[in-house]
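Some notes on the structure that comes next.
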Amino acid sequence: MTKPSLPELLHAAVTAVGGVERPGQVTMATAVADAVDDSSHLLVQAGTGTGKSLGYLVPALAHGERVVIATATLALQRQLVERDLPRTVDALHPLLRRRPQFAMLKGRSNYLCLHRLHEGAPQDEDEGLFDQFESAAPTSKLGQDLLRMRDWADETETGDRDDLTPGVSDRAWGQVSVSSRECLGATKCAYGAECFAETARERAKLSDVVVTNHALLAIDAIEGAPVLPQHEVLIVDEAHELVSRVTGVATGELTPGQVNRAVRRSAKLVNEKVADSLQTAAEGFERVMELALPGRLEEVPEDLGYALMALRDAAREVISALGSTRDKSVQDEDAVRKQALAMLETVHGVAERITNGSEWDVVWYERHDRFGASLRVAPLSVSGLLREKLFTDRSVVLTSATLKLGGDFNGVGASLGLSPEGTGGEDVPQWKGLDVGSPFDYPKQGILYVAKHLATPGREGSRGDMMDELAELVEAAGGRTLGLFSSMRAAQAAAEELRGRLENPILLQGEETLGELIKAFAADPKTCLFGTLSLWQGVDVPGPSCQLVVMDRIPFPRPDDPLMSARQKAVEEGGGNGFMAVAATHAALLMAQGAGRLVRATGDRGVVAVLDPRLANARYGSYLRASLPDFWYTTDRNQARRSLAAIDAAAKADGK
């Protein structure tokens with residue numbers, strides 16, 4: 001029997017999901033198939049509505065080798081595992097004459113731990129938590145959640161936190177889950193044979209397609225202990241998020257609270273002298289942290305250096321002693337010991353990393369109103385790490401609606417450790433960039449309006465002219481506005497101001513769960529939704545409820561952001577343009593994501609309004625505009641208002 005062609009397979013899959021085949025999707029599928037066959041690397045920009053999931057799933061399933069797909073968001077993971085993959089596998093089965101298996105795999109702490117559930121979480125004496133499953137139903141929310149999770153444990157097949165509805169707080173989930181470091185191990189645990197995390201890993205080993213997240217992909221690459229099964233093809237969806245997720249995994253943190261918990265956890269497990277040594281070191285660290293001022297530490301101050309060395313040495317001593325002391329008063333000693341060890345290894349590892357020092361690390365203090373000071377360390381760049389760990393021994397396809405910034409892929413490529421397209425050598429991965437476009441007619445469906453007449457925004461202070469402009473635009477649009485703000489403070493100020501001026505309901509991020517806010521925004525066209533970072537990327541509201549997307553200013557990173565400013569400085573010291581390589585690239589990516597909220601379907605119409613004149617006036621403005629969808633461009637405020645009023649009138653005429 002002849003092997004089915006890629007167009008045949010794609011047609012069958014698209015029909016099965018009730019979709020429409022699009023030229024960009026066909027182009028993408030062909031390019032992915034070529035990259036997989038050649039064991040080469042591909043960056044694909046596929047605009048909203050292209051159907052990129054099938055654009056990579058079909059050639060990946062047809063290839064027959066094991067594929068790992070890593071995504072950034074839970075929503076896309078669910079879509080792949082619950083909708084796209086089942087339908088695609090069913091559709092391709094008659095043509096391929098085989099039924100590819102698929103599975104979802106997450107980090108261990110995402111799964112319910114049966115040992116924790118039945119034996120209880122190790123508690124500090126001063127926490128005084130009740131017997132969590134006592135016969136009398138607890139009245140606290142935490143107690144109720146714990147009882148609900150015990151009932152759920154008897155029903156769930158996955159033990160996956162995301163399958164628990166409604167969800168529970170991080171504190172409640174922490175009582176019934178463990179990190180990989182805290183896990184006793186399947187062979188040592190009484191519940192190892194039934195373990196949800198182990199079952200998920202076994203299922204992944206037997207699957208043709210494994211769906212995971214960027215964080216687990218980063219852990220697999222960085223820590224050297226493989227958590228993902230061996231695979232020949234890696235597909236990274238939502239690839240614009242990958243660098244920040246990998247940076248997050250590679251970032252270490254120390255806080256006095258965290259160190260004190262490690263002290264308390266280990267106190268009963270080692271002799272008094274060793275425990276006292278750690279307690280003394282913890283107190284010294286806490287004294288230094290009380291005086292910590294936010295900002296980067298170009299050099300580690302002497303007092304902090306001494307405190308960290310004492311902490312490192314004391315933690316190492318306790319880790320060594322943990323294997324020799326047994327205390328009959330400690331219940332379930334193995335679990336207590338394992339949790340203490342995990343905490344101590346983290347303290348020791350971060351303290352050692354900072355005291356050893358590295359020109360490739362950035363160290364800084366942060367101060368939080370609620371949690372106090374923390375000490376953080378992160379890699380100056382993850383590009384070398386990604387080049388070495390990601391692009392060897394497999395074909396890698398990275399895709400997103402926003403990979404092409406300022407007109408080419410080289411900016412994103414550089415952040416991933418790739419040299420400019422077409423210039424790879426023996427040790428530098430060769431790759432190809434492809435923009436398959438979008439099925440939407442952006443110049444006809446949307447307008448990019450830049451409020452060129454407004455004053456340039458300063459770092460702080462009210463922007464009265466911007467508030468006036470915002471109110472006029474929202475009024476012209478009849479509501480229907482998604483407001484994307486550069487800070488929570490700016491979003492709150494705008495919501496407060498417009499609630500006093502307009503009759504339209506103004507929803508504000510943080511006043512309700514994000515899901516509920518988006519549902520309410522989509523349900524009522526008169527309503528506006530204002531918020532910050534997660535709204536720039538996480539809102540999918542096609543139709544008349546979102547016909548105006550407003551950005552209050554270009555979202556450059558804060559000048560005092562220690563990591564971003566360090567990265568910018570490093571580029572400049574290497575002879576490059578630090579502002580363009582770091583700050584402008586960061587802003588371009590966010591603006592492209594934000595502008596992508598406007599047109600989500602072929603019938604959508606609207607305006608993206610940027611209330612920052614620098615997008616029109618500054619030299620870097622053209623780079624940022626080239627990163628956005630190809631909307632019709634204007635700086636005429638009257639034109640923008642007339643267009644919004646006309647779009648609003650048309651929607652009302654249609655009864656929307």
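These numbers come from the heavy atoms of this one structure, side chains and all, not from hydrogens, waters or symmetry mates. One-based numbering along the sequence shown.
- The line from CG of Asp220 to CG of Leu390 is 9.5 Å long, rounded to the nearest 0.5 Å.
- Interatomic distance, Leu297 CG to Glu299 CD, rounded to the nearest 0.5 Å: 10.0 Å.
- Nearest heavy atom pair, residue Phe285 against residue Leu304, reads CE1-CD1, 4.3 Å.
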Exercise for review: I would like to know whether Leu146 and Gln175 meet side chain to side chain contact (heavy atoms under 4.5 Å, CB included); could you show each step before the answer?
Suggested key: CA-CA 8 Å; Leu146 289 168; Gln175 299 293 313; 3.5 Å; yes

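- Between Val263 and Val318, every side-chain heavy-atom pair lies at or beyond the 4.5 Å cut-off.
- Side-chain contact annotation: Thr71 with Asp237, donor-acceptor N/O pair under 3.5 Å absent.
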| message | Could you go through Lys106 and Asp162, starting from their C-alpha distance and side-chain angles, then the distance that decides it, and tell me whether this counts as side chain to side chain contact (heavy atoms under 4.5 Å, CB included)? | response | CA-CA 11 Å; Lys106 301 177 182 177; Asp162 294 316; 2.5 Å; yes

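- Distance alone, capped at 3.5 Å, is enough to place a donor-acceptor pair between the Ser169 side chain and the Ala172 backbone.
- A 4.5 Å side-chain heavy-atom check between Val363 and Arg296 finds every atom pair outside the cut-off.
- For His240 (side chain) and Leu590 (main-chain N/O), no donor-acceptor pair under 3.5 Å exists by modelled atom type.
- The two residues Thr355 and Gly305 have their closest heavy-atom pair at CG2-O, 4.2 Å.
- Between the side chain of Gln509 and the main chain of Leu535, no donor-acceptor pair closer than 3.5 Å is present.
- Atom OH of Tyr365 has more than 12 neighbouring heavy atoms from other residues, nucleotides or ligands inside a 6.0 Å radius.
- The only member of Leu234, Val68, Ile219 that meets side-chain contact (heavy atoms from CB on, under 4.5 Å) when paired with Leu228 is Val68.
- Remark: Ser177 OG to Tyr111 OH distance equals 12.5 Å, nearest 0.5 Å.
- In this structure, the separation between CG on Leu517 and CG on Leu508 is 8.0 Å, given to the nearest 0.5 Å.
- Between Pro166 and Arg148, the closest side-chain pair of non-hydrogen atoms falls below 4.5 Å.
- Residue pairs that meet the ring pair (Phe, Tyr, Trp, His ring centres under 6.0 Å) test with at least one member in residues 152-198, sequence neighbours left out, are His118-Tyr191.
- In this structure, the side chain of Arg387 engages the main chain of Gly417 through a donor-acceptor pair within 3.5 Å.
- Just one residue in the list Arg265, Arg116, Arg108 forms a salt bridge (Lys or Arg N to Asp or Glu O under 4.0 Å) with Glu182, and that residue is Arg116.
- Under the 3.5 Å distance criterion, with hydrogens and angles disregarded, a donor-acceptor pair is assigned to the side chains of Gln593 and Thr402.
- Between the OG1 atom of Thr156 and the CZ atom of Arg161 there is a distance of 14.0 Å, given to the nearest 0.5 Å.
- The two residues Val347 and Leu254 come nearest to each other via the heavy atoms CA-CD2, 3.8 Å.
- Considering all non-hydrogen atoms of both residues, Leu386 and Leu416 come closest at CB-O, 3.5 Å.
- Without hydrogens or angle criteria, Ser487 side chain to Ala490 main chain gives a donor-acceptor distance under 3.5 Å.
- Looking only at side-chain heavy atoms (C-beta outward), Glu238 and Leu76 come within less than 4.5 Å of each other.
- For the pair Lys205 and Glu202, the salt-bridge criterion is met [side-chain N within less than 4.0 Å of a carboxylate O].
- Summarising the geometry of Ala340 relative to Leu269, their closest heavy-atom pair is CB-CD1, 3.9 Å, with the distance given to 0.1 Å.
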| said: One pair to check against side chain to side chain contact (heavy atoms under 4.5 Å, CB included): Thr513 and Glu516. What are the steps and the verdict? | reply: CA-CA 5 Å; Thr513 65; Glu516 289 301 315; 3.1 Å; yes

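- Atom CG of Asn577 has more than 12 neighbouring heavy atoms from other residues, nucleotides or ligands inside a 6.0 Å radius.
- No side-chain heavy atom of Ile69 sits under 4.5 Å from any side-chain heavy atom of Thr212.
- The side-chain heavy atoms of Leu142 and Arg171, taken from C-beta on, include a pair separated by under 4.5 Å.
- A distance-only check finds no donor-acceptor pair linking the side chain of Asp561 to the backbone of Arg558 [under 3.5 Å].
- Closest heavy-atom contact between Ala153 and Leu112: CB-CD2, 3.4 Å.
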Take Lys569 and Glu298, measure what salt bridge (Lys or Arg N to Asp or Glu O under 4.0 Å) needs, and give me the verdict at the end. CA-CA 12 Å; Lys569 183 179 176 184; Glu298 299 257 8; 3.3 Å; yes

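- Between Leu375 and Glu253, every side-chain heavy-atom pair lies at or beyond the 4.5 Å cut-off.
- Not a single donor-acceptor pair under 3.5 Å links the side chain of Asn110 to the backbone N or O of Asp160.
- Aromatic ring orientation, His41 versus Phe391: perpendicular (interplanar angle above 60°, classes split at 30° and 60°).
- No donor-acceptor pair closer than 3.5 Å links the side chain of Arg316 to the backbone N or O of His348.
- Checked for salt-bridge contact, Arg66 and Glu232 miss the test: no charged N lies under 4.0 Å from a carboxylate O.
- A distance of 6.0 Å separates CG of Asp145 from CE of Met149, quoted to the nearest 0.5 Å.
- In this structure a side-chain-to-backbone donor-acceptor pair under 3.5 Å is present from Arg245 to Ala72.
- Under a cut-off of 6.0 angstrom, the local environment of CD in Gln230 is sparse, with at most 12 non-hydrogen atoms contributed by other residues, nucleotides or ligands.
- At distances below 3.5 Å, at least one donor-acceptor pair connects side-chain atoms of Thr346 with backbone N or O atoms of Ala342.
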task: Check step by step if side-chain hydrogen bond (donor to acceptor under 3.5 Å, both in side chains) holds for Arg567 and Thr247.
output: CA-CA 12 Å; Arg567 287 175 170 175; Thr247 300; 3.2 Å; yes

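- Side chains of Leu105 and Val211 form no contact here, defined as non-hydrogen atoms less than 4.5 Å apart.
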### Message
As a quick check of understanding, evaluate side chain to side chain contact (heavy atoms under 4.5 Å, CB included) for Leu278 and Ser266, giving each step before the final call.
### Response
CA-CA 9 Å; Leu278 182 60; Ser266 56; 3.8 Å; yes

